[in-house]
Structure formats: C-alpha cells, structure tokens
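Worksheet: the structure to be examined is printed underneath.
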Amino acid sequence: MTEMPTPRLAADVFQQRLLDWFDRHGRHDLPWQSPRSAYRVWVSEIMLQQTQVTTVIPYFERFMARFPTLEALAAAPQDEVLHLWTGLGYYARARNLHKAAQEALDSHGGQLPTHSVEALTALPGIGRSTAGAIIAQSTGQRAAILDGNVKRSLARLHAVAGWTGKPAVERRLWALADYYTPETRLADYTQAMMDFGATLCKRSTPLCEHCPFNDVCLAYAQGETKRYPESKPKKVLPTRETIMLLLHDRDGRVWLEQRPASGLWGGLWSLPQFDGQERLNDWLADNVVRPERLSPMPCLTHTFSHFRLAITPQPVSCDRLQGVREGGTWYDPAHPPAIGLAAPVKTLINQLAPFSLKSTPGRA
DNA sequence: CAAGCGTGGTG
DNA sequence: TCACCAAGCTT
C-alpha cells in the first residue's frame with residue numbers, strides 16, 4: 001500500500017537503537033501501562049489526542065475509577081461522561097468515546113475489535129494512528145502510529161519539508177513510520193517512539209547531543225533542527241462577538257442552558273449565549289425576564305484555537321426574575337458537586353466556560 | 001481538502 | 001503579554 005521510502009538507516013538498526021534508548025530513558029510507569037488492557041489504552045489514547053500527558057493523568061484516573069470497564073462506560077448517560085471530561089477540551093472525543101463503547105457492546109460482544117486497524121477505525125473517534133497505538137500496545141500486533149511526536153522525529157531525521165499536516169507530507173511520513181515499525185516488542189516500540197519525541201526530540205530545544213540518531217539525522221547534520229517540522233501556515237484569527245447572559249435568582253443560583261449536541265462545547269452546559277442584542281431581547285421577552293437592576297460587565301475575550309471570542313460589555317446580570325421558561329436549569333454555585341467546573345470561580349471568564357451536569361435537575 | 005474543535009504549557 | 005502548539009479526528 002505505502003510506497004517504499006528511502007531510509008536513513010536499516011529498520012532493524014533503528015529499532016535496536018530506539019529500544020535501547022527506551023529501556024534506559026523511556027517512561028515505564030504511566031497509569032495506562034499497568035494494568036494494560038485494550039480498554040484502558042483506548043481511553044488513554046483518546047484523552048491524549050492533542051493533549052499533554054501531565055494534563056491527562058488526573059482525568060484518566062478519575063475516568064477509570066468511575067468507568068472501570070467498557071460496559072460501565074456504555075451504560076452511563078452521556079451527561080456523566082461529559083462531566084468527567086469537563087475541562088479537558090475537544091468534547092467530541094467524549095461523545096465519540098461513549099458512542100463507540102455502545103457500538104462495541106452491541107456489535108463486538110463488549111470488546112474492542114483489536115484484530116484490525118480497519119475494525120477499530122470504523123468506531124467513532126478512532127483514526128489510523130489511534131488504532132495503531134491501541135493494537136500495538138494491547139495486542140502486540142504490528143501496527144504503525146503517526147502522532148505529533150513521530151511526525152516531528154521523522155521530519156527531522158529525514159529533513160522532510162512542508163507542514164506535517166499537509167496530506168502529501170503526511171503520506172510520506174506514514175511510509176517512513178511503517179518502514180521503521182518492527183515485528184516484535186510492538187508495545188515498547190510504540191511507547192518508545194512517543195517518549196522519544198516527547199522527551200528527547202522535543203519541539204524546541206531537542207537534546208541532540210544525547211540522541212541515538214544524531215549520526216544519521218539530516219536536520220542535525222544541516223544544523224537545522226529548528227526548521228523541522230515546518231509550522232502550519234498562519235492565518236488571521238477571526239473575532240466573533242457574542243453576548244452571554246448571566247442570570248441569577250435571589251438564592252444566587254445561575255441559569256444554565258444545554259448547548260447543541262455538536263459544535264463548540266457540544267452537549268455541555270453554559271450561560272445562555274446570543275448572537276446579538278436583538279436575539280437577547282427576544283429571549284428576554286420570551287422568557288418574561290424582567291431585570292430590575294442591570295449590572296455592567298467588563299468586555300472579555302476568550303481565545304479559542306480558531307477564533308477569538310469577544311463578550312460584549314452588555315448588562316448581563318439581574319437580581320430579580322419574573323420567570324424563565326424551559327431549556328435550562330438553575331445551578332447553585334455553592335453546591336457544585338454535579339458540575340464539572342465546580343471549583344470556585346477564579347475569574348469571570350471561567351464563568352463562561354461550559355459545565356456538565358451529572359443529571360438534569362428539575363426546572364425552576 | 002480545509003476548516004472546526006479546547007485547554008494549558010512554554011519561550 | 002502573546003504567538004505557538006500538543007499522544008488527531010470528523011465533516
């Protein structure tokens with residue numbers, strides 16, 4: 001399938017050097033490594049997508065304590081899965097994880113289909129690299145991975161030009177990743193590749209003096225390690241404006257609404273959000289909200305990956321409510337156990353973050 | 001294929 | 001303070 005690449009060194013030599021390095025300097029005590037099961041590896045790989053190890057570990061521990069098995073995950077309400085994901089970001093991962101667990105229960109006898117990359121990638125949230133990581137680590141079958149660490153390492157070793165997210169560049173890196181993948185010690189090799197990229201062939205300040213490949217690395221030979229991998233072409237961050245309404249009743253409870261099932265903060269709970277003053281006025285009228293006193297709110301901005309959100313300085317707080325219709329619920333900041341981001345609000349911007357409720361309380 | 005999707009760390 | 005981006009996948 002993949003064309004034969006031009007290697008920098010023979011595959012068996014590459015594997016030997018990497019595994020020697022891994023035995024000495026690799027990470028051998030990550031939570032998902034012991035006990036190592038397909039389920040635990042799967043959950044960890046999903047959490048680790050675009051997310052650092054140190055961030056993931058506490059989320060992984062909590063998740064495993066609550067959902068120790070695939071069956072437990074499949075049986076849970078989505079709200080509860082999102083609850084444990086709150087603060088981790090990329091919430092489609094949680095929705096897909098939940099859905100995939102149910103599909104595995106229905107169609108694969110409650111087990112992950114780890115017999116092939118194709119079967120795994122058929123599940124929502126599992127792409128080629130994640131499938132390879134799950135298979136290699138949980139079954140020891142030969143399967144390649146190509147995550148950010150491997151992309152960066154191989155781009156340097158081979159001085160691969162171009163942004164590694166570009167399909168043509170990615171194809172070439174997949175061919176290299178596949179070429180170097182061994183037939184044995186797949187779990188160790190896979191972990192070794194990720195550890196190598198994360199701790200030695202780092203994005204900035206790679207430790208080339210200690211690298212087992214510094215005699216064959218093209219980027220190092222050219223003195224150009226900083227050039228690889230090339231960064232994504234920059235684009236101007238668009239700014240979106242929005243109004244977020246902070247309503248609270250006399251008990252200090254806050255009105256939250258569940259967001260649409262997909263898109264930004266999909267399925268989570270947040271302050272009601274409006275495109276403009278017009279929409280806000282409509283909502284206030286529909287809900288018979290009669291604020292007696294409005295308090296000003298400073299203009300806030302929140303930067304997302306692809307845009308900057310500006311929260312306009314509207315009067316968005318009121319002390320008295322005549323009535324609010326359906327579509328949301330009251331959240332008591334003083335009794336936060338059901339809320340994911342329950343920690344005492346440090347800054348106002350955090351109040352705009354999404355929430356996930358374990359269950360939906362009754363309407364006000 | 002390009003855009004959408006979060007949050008926290010880093011220099 | 002701020003640009004940059006990390007164990008990617010979906011649409």
Side-chain angles (χ1 to χ4, degrees), chain A residues 26-27 30-33 41-60 82 85-97 99-100 117 120-134 136-137 144-153 163-171 173-174 177 190-199 201-205 226 229-238 240 259-268 270 301-309 340-341 346-347 349-350 352-356:
Chain A
R27 291 175 287 195
L30 295 170
W32 40 90
Q33 292 175 320
V41 169
W42 172 44
V43 172
S44 75
E45 288 299 330
I46 300 300
M47 287 187 171
L48 286 161
Q49 288 170 2
Q50 303 285 279
T51 311
Q52 314 244 18
V53 168
T54 54
T55 302
V56 163
I57 287 177
Y59 282 89
F60 179 82
L82 286 174
W85 211 272
T86 303
L88 200 51
Y90 284 142
Y91 300 98
R93 294 183 296 174
R95 301 194 299 268
N96 287 332
L97 191 73
K99 183 89 184 313
V117 169
L120 273 181
T121 53
L123 293 171
I126 301 181
R128 183 174 172 187
S129 185
T130 298
I134 294 171
Q137 295 186 81
I145 63 164
L146 188 63
D147 64 358
N149 290 312
V150 180
K151 281 182 177 177
R152 182 173 57 255
S153 304
W163 173 47
T164 56
K166 204 172 173 178
V169 177
E170 200 164 75
R171 272 195 300 278
L173 292 173
W174 265 115
T190 301
Q191 187 63 50
M193 286 296 278
M194 296 189 283
D195 286 356
F196 178 79
T199 67
C201 198
K202 299 183 289 183
R203 179 173 62 85
S204 56
T205 67
K226 309 215 70 165
E230 289 181 21
S231 55
K232 183 177 181 171
K234 352 186 147 174
K235 45 193 181 215
V236 188
L237 270 189
R240 297 180 193 171
R259 302 179 59 89
S262 63
L264 183 68
W265 296 338
L268 280 76
S270 74
T301 60
H302 189 80
T303 303
F304 293 90
S305 304
H306 310 286
F307 63 91
R308 182 183 300 269
L309 184 67
L341 285 186
K346 290 175 188 162
T347 65
I349 192 71
N350 283 351
L352 306 175
F355 298 85
S356 176

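For the numbers below, each heavy atom of this structure counts, side chains included, while hydrogens, waters and symmetry mates do not. Chain A is the first sequence line, chain B the second, and so forth, proteins listed ahead of strands; every chain is numbered from 1.
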Seminar exercise, completed: Atom CD1 of A:I46 and atom C1' of B:dT7 are separated, to the nearest Å, by 17 Å
Exercise. For A:W42 and A:L120, what are the C-alpha separation, side-chain angles and deciding distance, and is it a side-chain contact (heavy atoms from CB on, under 4.5 Å)?
Worked result: CA-CA 10 Å; A:W42 172 44; A:L120 273 181; over 6 Å; no
Problem set entry | Distance in angstrom units between A:R152 CZ and C:dA6 P, rounded | 6 Å
For this session: Examine distances only and state if a side-chain atom of A:S153 and a backbone atom of A:V150 form a donor-acceptor pair shorter than 3.5 Å.
Result: no
Please enumerate all protein N or O atoms sitting under 3.5 Å from an N or O of nucleotides 8-11 of chain C, with distances to 0.1 Å.
{"unit_1": "C:dG8", "atom_1": "OP1", "unit_2": "A:G148", "atom_2": "N", "d": "3.0"}
{"unit_1": "C:dG8", "atom_1": "OP2", "unit_2": "A:Q50", "atom_2": "N", "d": "2.5"}
{"unit_1": "C:dG8", "atom_1": "OP2", "unit_2": "A:Q50", "atom_2": "NE2", "d": "2.7"}
{"unit_1": "C:dG8", "atom_1": "O5'", "unit_2": "A:Q50", "atom_2": "N", "d": "3.4"}
{"unit_1": "C:dG8", "atom_1": "O5'", "unit_2": "A:Q50", "atom_2": "NE2", "d": "3.3"}
{"unit_1": "C:dG8", "atom_1": "O3'", "unit_2": "A:T130", "atom_2": "OG1", "d": "3.4"}
{"unit_1": "C:dC9", "atom_1": "OP1", "unit_2": "A:G127", "atom_2": "N", "d": "3.0"}
{"unit_1": "C:dC9", "atom_1": "OP1", "unit_2": "A:G127", "atom_2": "O", "d": "3.4"}
{"unit_1": "C:dC9", "atom_1": "OP1", "unit_2": "A:T130", "atom_2": "N", "d": "2.9"}
{"unit_1": "C:dC9", "atom_1": "OP1", "unit_2": "A:T130", "atom_2": "OG1", "d": "2.6"}
{"unit_1": "C:dT10", "atom_1": "OP1", "unit_2": "A:G125", "atom_2": "N", "d": "2.6"}

Problem set entry | side-chain contact (heavy atoms from CB on, under 4.5 Å) between A:T164 and A:R152, intermediate numbers included | CA-CA 8 Å; A:T164 56; A:R152 182 173 57 255; over 6 Å; no
For this session: Examine B:dT7: is either OP1 or OP2 under 4.0 Å from a nitrogen or oxygen in the side chain of A:W265? Give yes or no.
Result: yes
For this session: Output, in order, the C-alpha distance, side-chain angles, deciding distance and verdict of side chain to side chain donor-acceptor pair (under 3.5 Å) for A:R27 and A:T199.
Result: CA-CA 10 Å; A:R27 291 175 287 195; A:T199 67; over 6 Å; no
Problem set entry | Sugar-phosphate only, base, or nothing, as touched by A:G263 at under 4.0 Å among non-hydrogen atoms | sugar-phosphate
Problem set entry | Sugar-phosphate, base or nothing in reach of A:V150, heavy atoms under 4.0 Å | nothing
Exercise. Contact class for A:Q191 (heavy atom, under 4.0 Å): base, sugar-phosphate, or nothing?
Worked result: base
Exercise. At what distance, to the nearest 0.5 angstrom, does CG of A:L123 lie from CG of A:N96?
Worked result: 10.0 Å
Exercise. Hey, does A:S231 reach any base, or is it just sugar-phosphate, or nothing, if we go heavy atoms under 4.0 Å?
Worked result: sugar-phosphate
Seminar exercise, completed: Closest to the 5' end of DNA chain B, once A:A92 and A:T205 are matched to their nearest nucleotides, is A:A92
Exercise. Closer than 4.0 Å, any side-chain N/O of A:K234 to the OP1 or OP2 of C:dC4?
Worked result: yes
For this session: May I ask you to say what A:L30 touches in the nucleic acid, namely base, sugar-phosphate or nothing, with a heavy-atom cut-off under 4.0 Å?
Result: base
Exercise. A:W32 near the nucleic acid: base, sugar-phosphate alone, or nothing, with a heavy-atom cut-off under 4.0 Å?
Worked result: base
Exercise. Rounded to whole angstrom units, what separation is found between the CZ atom of A:R171 and the C1' atom of B:dC1?
Worked result: 11 Å
For this session: Describe the nucleic acid contact of A:R27 in one word from base, sugar-phosphate, nothing, applying a heavy-atom distance below 4.0 Å.
Result: base
Seminar exercise, completed: Atom OH of A:Y91 and atom C1' of B:dG6 are separated, to the nearest Å, by 6 Å
Exercise. How close or far is atom P of B:dG4 from atom CZ of A:R259, stated in whole angstroms?
Worked result: 16 Å
Problem set entry | Nearest-Å distance for atom pair CH2/P, residues A:W85 and B:dG6 | 12 Å
Problem set entry | Euclidean distance for P, B:dG6 against C:dT11 (whole angstrom) | 14 Å
Exercise. Taking NZ from A:K166 and C1' from B:dA2, how many angstroms apart are they, rounded to a whole number?
Worked result: 12 Å
Exercise. Which comes earlier along DNA chain B counting from the 5' end, the contact point of A:W163 or that of A:K232, where each point is its nearest nucleotide?
Worked result: A:W163
For this session: Step by step, work out the side-chain contact (heavy atoms from CB on, under 4.5 Å) result for A:W85 and A:L97.
Result: CA-CA 11 Å; A:W85 211 272; A:L97 191 73; 3.8 Å; yes
Seminar exercise, completed: To the nearest angstrom, the CD-C1' distance between A:E230 and C:dC5 comes to 16 Å
